[in-house]
2 protein chains.
Amino acid sequence: MATVLDVARLAGVSTATVSRVLSGKGNVGEAARERVLSAVRALDFQPNRMAQGLRRGHGSAVGLLVGDIEQNVYSALTKHVQTALGGIGLDLMLYNLDHSAERLSTILEAAPAMGLRGVALATTDVLAMATVGPQLRQLQASGLLVVSIGQRLHREGVPSVVHEERSAARRAVAYLLESGRGPVAYLGRLSGSAVGTERYRGYAAALGDAGIAIDRDLVWDVSYRFAAGYEATSRALDAGRRFHAVQCGSDELALGAMAAIQDRGFAIPDDVAVIGFGAIGWGGHVRPALTTISVDPAAVAARVADHFAGREAPALTIIPRTLLRRGSA
Amino acid sequence: MATVLDVARLAGVSTATVSRVLSGKGNVGEAARERVLSAVRALDFQPNRMAQGLRRGHGSAVGLLVGDIEQNVYSALTKHVQTALGGIGLDLMLYNLDHSAERLSTILEAAPAMGLRGVALATTDVLAMATVGPQLRQLQASGLLVVSIGQRLHREGVPSVVHEERSAARRAVAYLLESGRGPVAYLGRLSGSAVGTERYRGYAAALGDAGIAIDRDLVWDVSYRFAAGYEATSRALDAGRRFHAVQCGSDELALGAMAAIQDRGFAIPDDVAVIGFGAIGWGGHVRPALTTISVDPAAVAARVADHFAGREAPALTIIPRTLLRRGSA
DNA sequence: CTGAAAGCGCTAACAT
DNA sequence: ATGTTAGCGCTTTCAG
């Protein structure tokens, strides 16, 4: 591994000049610059990131904290964030929270010592701001860049990049109602999830718009995974609840609901229409194909990169969603 | 951020002693150790990873290079690898290869300067060993730990942790044949994928065992994604090919095949049985539920961690697979 | 058992 | 425009 000193010697300049050429800061004569550059190439020099980090006070990796990388929403996000960060010379340190608040705190606690340039928090779990808030502020005070993805924390001073939630759900449910698919049930996580509540509110708003009262028996509060969707829907079906559509809080849930409906011999969408939320990969390939609400991880990643690149960016960015009409509704 | 010097001062010892206590290397008197430890707690000291890395010559993060994090196989693997590495004090730097050989080379090239402790290569794409081989050896020469996941590179001197491929496929196809589901088609990537060929060979072996000749029209060489499976199967169906089962090289492909079959009004598994490969998350929730071949990311991660922990581990570990019988076959 | 001191590779004042 | 130099925080000989 060649060092700046090797480059400096070969180019016949001092290490300071090498550093200046490489960083682009400070004035360097054309002749010297040329020689440095060719020495860099000749030695295949790559600056040692740890030394740079030690000197600068922070490294060149951003910590991405995701709720659960195994869920497609997060893996798709991760992919785009990694690409976007790579574009501005930043690496990605991945931390899987596994939806654990304790783990989140531990990681936040260790972030400065880790040499992270910043932290991107991507979880929709409701955060205990009493403990997380101070930690986040502490990080910012240490000079770390902090960004929230999917959850609005801009009031807490954390720039946030989120998707539209309530209005998107509202439009989807309105579509169901207009298509004569009522009564419409809601399947999703109401508490514990920062976005779950918003989505439910969109459902409630759409019913309100249509002058329909909310039927508590048609609102199922569950976790986000497949099994939860399957069970809740099965229970409702077996209990003889009357509904002709289900708006789900996630695609996983929607798939679970579809399985429950199909297992009981009902047809989708004729007997029961289903709309998911999140447009994960396989939704279009299931039969019937899942009608769902879009996500735009690339747009999110682009905005997140803006923040880490130090580019001007709004404290709150809201990415729009659209209804993806496919076979299930 | 407290430094070793702060701790040393508070404990009334030298920084060397603090370092010795923290690393557990070297002898330290009981009294001194106690004082250091309580000083560490009092100051909430956490060693600066970049300084440690600079001094030691390498950092404490492992680079995980995955083919495509958005594919469930890789995200599940990543999750477990991150957990396992965390257990031995290592962080995870994620690099998404996007199946690009060029990107792989770039990352491998930069790895030492990045301060990585090691690199875990998780891709089943066929590697151009002429260029990748030397790079890998170069990394090892620089003291980086290198492990291959999913692809056998132990002959190249890279310890590998892989799943059973050929024999697992062979058993699955044999099961199809024994259940009277023949003729059996094979849908998967034959070239370009290091495991695709192996899986196909398992298929071929099972046919051979049953004394059946391979019908080239029933072997579809495609990429790994949904769409490819859908199209290949549609084409075969529309061309009037005769087969009553499809062994697929991946679950994504299987889902595509199922959609094609269902779209043409055929029943699964009665008209055509389908077996996937890989047991990704949603397979059990589709209808009919996908019969597939298991994966064990936790087992893989555990072995990978063994390598990075410097624990004794075999040059080649093969994780067994089992047939997961569900509804589609 | 413990301390002093050198130095990992780099950057940023500070000189010139 | 360019060089000199002082560390960033830590580990590790080398002395004692």
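Numbers restart at 1 for each chain; the letters A, B, ... are given by sequence-line order, proteins then strands.
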B:Ala128: partners by side chain to side chain contact (heavy atoms under 4.5 Å, CB included), with sequence neighbours left out:
B:Thr131
Test side chain to side chain contact (heavy atoms under 4.5 Å, CB included) applied to A:Pro320 - qualifying residues, sequence neighbours left out
A:Glu164
Which pairs count as side chain to side chain donor-acceptor pair (under 3.5 Å) when at least one residue sits in residues 301-312 of chain B, sequence neighbours excluded?
B:Arg303-B:Asp306, B:Asp306-B:Arg311
Any luck finding a side-chain donor-acceptor pair between B:Arg152 and B:Ser160 under 3.5 Å?
no
Nucleotides bounding contact with chain B, strand DNA chain C, heavy-atom threshold 4.0 Å
C:dC1 to C:dG9
Sugar-phosphate atoms are those with a prime plus P, OP1 and OP2; base atoms are the rest. Using that split, label each nucleotide of nucleotides 2-10 of chain D B, S or - for protein heavy atoms under 4.0 Å, 5' to 3'.
BBBBBBBBB
With sequence neighbours left out, the residues meeting salt bridge (charged side-chain N to carboxylate O under 4.0 Å, His left out) with B:Asp6 are B:Arg9
Side-chain donor-acceptor contact under 3.5 Å, B:Arg49 with B:Ser60:
yes
A:Gln135 side chain vs A:Thr106 backbone, donor-acceptor pair below 3.5 Å
no
